[in-house]
Amino acid sequence: MSETQLPDRLDLQVNEEVSIALPDVGVSGYVWRLQQAGDSSVAETAVQRAIVGVSGGSVGRAVPEMLVIRAAAPGTLTLN
C-alpha cells in the first residue's frame with residue numbers, strides 16, 4: 001500500500017465538495033469502506049473509482065479510488 005497521507009480533519013462550508021485520493025490497494029481484492037460516526041445528514045460521502053481511459057494495456061491494473069465528501073448541513077461527522 002502506498003504511503004498517502006490522509007487528512008485528520010476537514011472544515012467544509014455547506015455545499016462544498018472535496019475529493020481525496022485513497023491509498024492504492026492494487027489488485028489485492030481489498031476494497032475501501034466508510035464507517036461514519038455522528039450525524040450522517042451532515043455530509044454525503046462516497047468512495048468512487050476514478051474514470052480511466054480504456055486501452056489494451058489496462059487489463060489487470062488497479063483503478064484509483066477517491067473519497068468524495070460534500071458538506072450538506074452544519075455539524076460534525078467522523079469518517080473512518
Heavy-atom pair of closest approach, residues A72 and S41: CB-O, 3.6 Å

Report yes if the side chains of V47 and V68 come closer than 4.5 Å at any heavy-atom pair, otherwise no. no

Over all heavy atoms of both residues, which pair between S19 and M66 is shortest? Give the atoms and the distance, please. CB-CE, 3.7 Å

How many angstroms lie between CZ in R70 and CD in E44, if you round to the nearest 0.5 Å? 4.0 Å

Just so I know, are the side chains of T45 and Q36 near enough to count as touching, which here means a heavy-atom distance under 4.5 Å? yes

If every non-hydrogen atom of E16 is compared with every non-hydrogen atom of D11, which pair is closest and at what distance? OE1-O, 4.4 Å

Candidate pair L34 and L67, rule side-chain contact (heavy atoms from CB on, under 4.5 Å), full reasoning: CA-CA 9 Å; L34 291 176; L67 170 59; 3.7 Å; yes

Give the cluster check for V18 versus V14: same hydrophobic cluster or not, with ILVMFWY residues linked at side-chain heavy-atom distances below 4.5 Å. no

Enumerate, atom names and distances included, each donor-acceptor pair closer than 3.5 Å involving a side-chain atom of residues 73-80, sequence neighbours excluded.
none

